[in-house]
Amino acid sequence: MIHPTKLMRGAFLALAILGAAPLAGPSIPLLGAVTAQAQEQLVGAVLFEGNRRFSDNQLLAMVDVSASGIFTQQRVAADIESIRQAYDRDGFLSVSVTARTEATSDGRVRVIFTVNEGNRAGIAAINFTGNNAFGANSLKSTMLTKETGILSWLFKDDGYDERKLAVDRERIRLYYANRGYPDVQVTSVGEYDASKNAYFINFTINEGQKYAFSNVGIETSIAGLNTDALRGTVQTGKGSSYSASDLQASIEDMAYEATVQGYSFVDVRARLDRDVTNGTFNVTYLVDEGARLYVERINITGNTKTRDFVIRRELEFAEGDPFNRALVVRGREHINDLGFFSAVDITTGPGSAPDKVVINIAVTETSTGEYGATAGYSTTDGILGEVSLTERNFLGRGQYLRAAIGASQAGRTFDFSFTEPRFMGLKVSAGVDVYHRITEETSTGFYGSQATGGQFRLGIPLTADLSGTVFAGMERKVIVDKDPDNSLLVVNGHEFYKGFIGYTLTWNSLDDNKSPTEGLLATFTQQYIGWDHSLIKSEARARYFMPLIEDSGIVASVRGQAGIINDLSGNGVHSVEAFSPGSQLIRGFEGRGLGPRIVNGPNGEFLGAVAYAGVSAEVQFPLPGVPESYGLSGAVWADAAWVDGVNTPRLDGNAIDPGSIDVPWRTSIGASLIWDSPFGPLRGDFAHVLNKSTSDRTQVFQLTMSTLF
């Protein structure tokens with residue numbers, strides 16, 4: 001039954017709507033339809049104006065109105081706040097964001113966000129209170145947040161962000177905890193100064209008491225376990241400062257060693273007994289049988305490019321194997337070391353039965369391709385440049401591919417390299433290198449050449465620190481002597497063919513392959529060269545790093561190198577295969593600047609050497625007052641080198657200049673400026689030669705790419 005009162009109200013409402021419609025105009029629909037159209041319209045496009053810090057694509061990912069495709073005032077307001085917060089996190093505190101809409105011809109709406117960025121707020125100073133054990137510079141070096149400097153516009157590392165500061169507080173805490181202070185407490189406060197448009201960040205540190213490790217023992221309930229082998233994994237030696245990372249590393253290595261002995265379900269814990277009076281910890285490692293769990297399934301997510309098998313082969317276990325936490329931790333490290341991912345997270349979950357575990361590996365892929373051009377200058381080669389294509393994860397299979405074209409005043413190079421890291425599924429790498437190199441005739445080169453060749457190689461890991469490589473290849477070299485009177489050692493158009501086979505042994509115990517502070521890097525290469533030659537060429541290089549003052553960034557190193565060529569033909573070593581010692585052996589000398597020369601050759605033609613040796617001592621240090629993020633450091637050094645002037649390459653009727661071999665030992669000292677630039681590590685060396693032969697050619701300054709050797 002229809003209620004009379006409700007019927008009358010409905011009639012009056014209908015009349016009111018019909019009467020109001022002409023007043024609103026013909027383009028405005030009736031109530032209900034008006035609300036739906038005004039609040040929800042389809043979005044035709046989203047545009048941005050005034051944005052410099054973030055690109056259009058970056059901002060597009062922040063706005064919901066673009067993802068949903070439906071316009072509402074609430075969505076636009078939320079998107080404005082999302083953009084403002086992104087700028088605020090990056091230090092643009094005075095940013096303002098507005099939005100306007102424009103109708104499109106197809107009845108949709110175009111949303112335009114206008115950004116007024118204002119000036120970016122930086123970090124005026126980072127101050128510390130209570131840091132008695134470590135200096136401010138040491139603590140700043142551990143932080144992600146940096147003070148504003150002359151290169152902050154490039155690195156963008158001086159923005160105030162509470163999330164970054166939380167990470168920085170944890171980094172400082174770990175810095176103390178790994179250097180004897182397990183009870184350290186770190187707090188921070190950021191204060192904004194509007195007059196400077198910058199923040200002042202103040203850290204307060206309560207260091208607590210310093211502790212060292214005292215007695216270290218191992219207890220086990222597992223019969224037959226070789227505890228003597230486990231002792232070799234202990235990094236918490238008696239008398240050493242307390243270190244949380246050394247404790248964890250000892251636990252992981254000990255568990256892995258027990259697994260190697262065949263005890264897959266081992267559980268390792270560290271019991272710490274604190275002695276407050278003496279400031280020490282007695283450590284007892286408890287090695288017991290753990291729960292018998294098995295890996296039911298391994299789930300891998302996030303690898304949109306990288307194939308599953310590339311990740312799985314870095315694990316030392318598979319589905320159905322015993323679950324061992326030490327192997328899981330080591331597997332995570334191996335996956336990280338691939339360099340294909342910006343983040344690797346491994347978690348475990350329950351399986352279908354109480355004794356089964358599911359392992360979940362979540363990865364975040366990062367760019368593995370490098371495309372671009374570089375340019376630079378070297379005092380040896382002059383202006384140089386290279387265009388290269390490098391892919392470290394080719395087709396997602398973990399393969400390495402590189403093609404490059406280089407040019408300099410000294411010549412041109414064409415290189416191609418391919419490496420399969422797991423040849424035939426084994427822990428053996430296999431690769432091929434092909435090259436074509438053109439060397440121009442110069443005042444120090446005396447003749448040019450065109451060399452085309454290639455090699456096959458196999459890499460084999462022998463131990464944790466030792467690896468070996470075997471290689472074999474061939475090369476054709478054509479001499480290009482544009483001025484026949486410029487060289488007495490070769491003839492224009494002369495061709496040299498060689499086939500070679502050899503091996504390289506590499507020992508690497510560095511703590512960091514890019515910026516080492518401790519450890520040894522050594523290589524020994526030996527190869528037989530035949531065809532137009534018959535000789536054995538041997539070279540050895542080694543460099544040992546050690547921290548000179550703990551936690552100061554001052555690192556000392558000693559480097560040694562030597563080489564010798566043994567001729568098997570009885571005709572002598574031709575100069576095209578001789579060593580060419582120069583600035584890479586001892587600084588302060590030009591390329592081909594020291595060693596035997598021909599007495600009657602034009603301009604003293606360089607002959608080369610069949611044996612050499614060199615030693616160098618260097619101390620590298622951070623530059624005072626320069627933020628570590630700039631990548632600048634200094635060094636002082638001393639070099640000494642010997643070049644054999646008695647046994648020389650074959651002379652072919654020529655005589656040796658006595659002034660080139662009158663002083664067999666050369667020495668020099670100097671200082672260097674090193675920059676870890678975006679284009680690669682550059683090094684400028686200022687040298688003073690102390691001792692040289694009469695005909696040696698020296699140079700005060702040289703600019704080169706910095707290498708460990």
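We count residues from 1, following the sequence as given. Predicted model, so just to flag it, every value in this text is computed and none were measured.
- Counting non-hydrogen atoms of other residues, nucleotides and ligands closer than 6.0 Å to NZ of K305 gives a total above 12.
- Sparse packing is recorded around NZ of K210, with 12 or fewer heavy atoms of other residues, nucleotides or ligands lying under 6.0 Å away.
- In terms of heavy atoms, T142 sits closest to Y175 at CG2-CD1, 3.3 Å.
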Original post:
Given the rule in the side-chain hydrogen bond (donor to acceptor under 3.5 Å, both in side chains) test, do E365 and T304 qualify, once you have shown the distances and angles that lead to the verdict?
Top reply: CA-CA 8 Å; E365 291 193 311; T304 56; 2.8 Å; yes

**OP:** Might you work through the side-chain contact (heavy atoms from CB on, under 4.5 Å) test for F113 and V63, ending with a clear yes or no?
**Re:** CA-CA 10 Å; F113 292 93; V63 297; 4.2 Å; yes

Subject >> Test log, rule salt bridge (charged side-chain N to carboxylate O under 4.0 Å, His left out), inputs R173 and E170 >> reply: CA-CA 5 Å; R173 190 195 69 79; E170 180 63 14; 2.9 Å; yes

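- Annotation: the span from T348 atom OG1 to I359 atom CD1 amounts to 7.5 Å, rounded to 0.5 Å.
- When all heavy atoms of K427 and P461 are compared, the closest pair comes out as O-CD, 3.0 Å.
- Checked options L708, L520, T517; the residue passing with L510 is L708 (criterion: side-chain contact (heavy atoms from CB on, under 4.5 Å)).
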Original post:
What do the steps show when you test S672 against D685 for side-chain hydrogen bond (donor to acceptor under 3.5 Å, both in side chains), and what is the final call?
Top reply: CA-CA 4 Å; S672 305; D685 297 311; 2.4 Å; yes

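- Considering CG of L623 and CG of L632, their distance stands at 6.0 Å, rounded to 0.5 Å.
- Separation of atoms OG (S82) and CE (M62) is listed at 8.5 Å; rounding is to 0.5 Å.
- Geometrically, R392 does not engage F340 in a cation-pi contact defined by less than 6.0 Å to the ring centre and at most 45° from the axis.
- Geometric assessment of R559 against the ring of F709 yields a negative cation-pi assignment under the 6.0 Å and 45° thresholds.
- Aromatic ring pairs are classed by plane angle as parallel below 30°, tilted from 30° to 60° and perpendicular above 60°; the pair Y181 and Y176 is perpendicular.
- The aromatic ring centroids of F265 and Y294 lie less than 6.0 Å from each other.
- The CZ atom of F341 sits 4.0 Å away from atom OG1 of T306, with the distance rounded to the nearest 0.5 Å.
- Side-chain atoms of S264 never come within 3.5 Å of backbone atoms of P322 as a donor-acceptor pair (strictly under, hydrogens ignored).
- Under the 3.5 Å distance criterion, the side-chain polar atoms of N299 are left unmatched by any main-chain donor or acceptor of N360.
- In summary, the side chains of N178 and D246 do not present any donor paired with an acceptor at a separation below 3.5 Å, with no hydrogens or angles considered.
- R543 and S557 share a side-chain donor-acceptor pair at under 3.5 Å.
- Within the model, atoms CD1 of I674 and CD of Q620 stand 3.5 Å from one another, a figure rounded to the nearest 0.5 Å.
- Using modelled atom types and a 3.5 Å distance limit, the side chains of E316 and Y256 yield a donor-acceptor pair.
- Between R297 and E319, the closest heavy-atom pair is CA-CG, 3.6 Å.
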**OP:** Take N508 and D465, measure what side-chain hydrogen bond (donor to acceptor under 3.5 Å, both in side chains) needs, and give me the verdict at the end.
**Re:** CA-CA 5 Å; N508 187 347; D465 296 323; over 6 Å; no

Distance-only donor-acceptor pairs under 3.5 Å for side chains of residues 128-136, two or more places apart:
{"residue": "N131", "atom": "ND2", "partner": "F134", "partner atom": "O", "Å": "3.0"}

Original post:
Between T236 and Y285, does a side-chain hydrogen bond (donor to acceptor under 3.5 Å, both in side chains) hold up when you go through it step by step?
Top reply: CA-CA 11 Å; T236 54; Y285 292 99; 2.8 Å; yes

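- Counting non-hydrogen atoms of other residues, nucleotides and ligands closer than 6.0 Å to CZ of R53 gives a total above 12.
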Subject >> Worked verdict on D337 versus E314 for side-chain contact (heavy atoms from CB on, under 4.5 Å) >> reply: CA-CA 10 Å; D337 291 342; E314 297 301 321; over 6 Å; no

Original post:
Taking it one step at a time, do D183 and R274 satisfy salt bridge (charged side-chain N to carboxylate O under 4.0 Å, His left out)?
Top reply: CA-CA 12 Å; D183 304 319; R274 186 189 296 245; 2.9 Å; yes

Subject >> Candidate pair Y160 and T145, rule side-chain contact (heavy atoms from CB on, under 4.5 Å), full reasoning >> reply: CA-CA 7 Å; Y160 181 86; T145 306; over 6 Å; no

**OP:** Begin with the C-alpha distance, continue with both residues' side-chain angles, and end with the deciding distance and a verdict on side-chain contact (heavy atoms from CB on, under 4.5 Å) for I126 and M143.
**Re:** CA-CA 10 Å; I126 299 175; M143 296 174 55; 3.9 Å; yes

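- Taken from CG in L315 to CZ in R312, the straight-line distance is 8.0 Å, to the nearest 0.5 Å.
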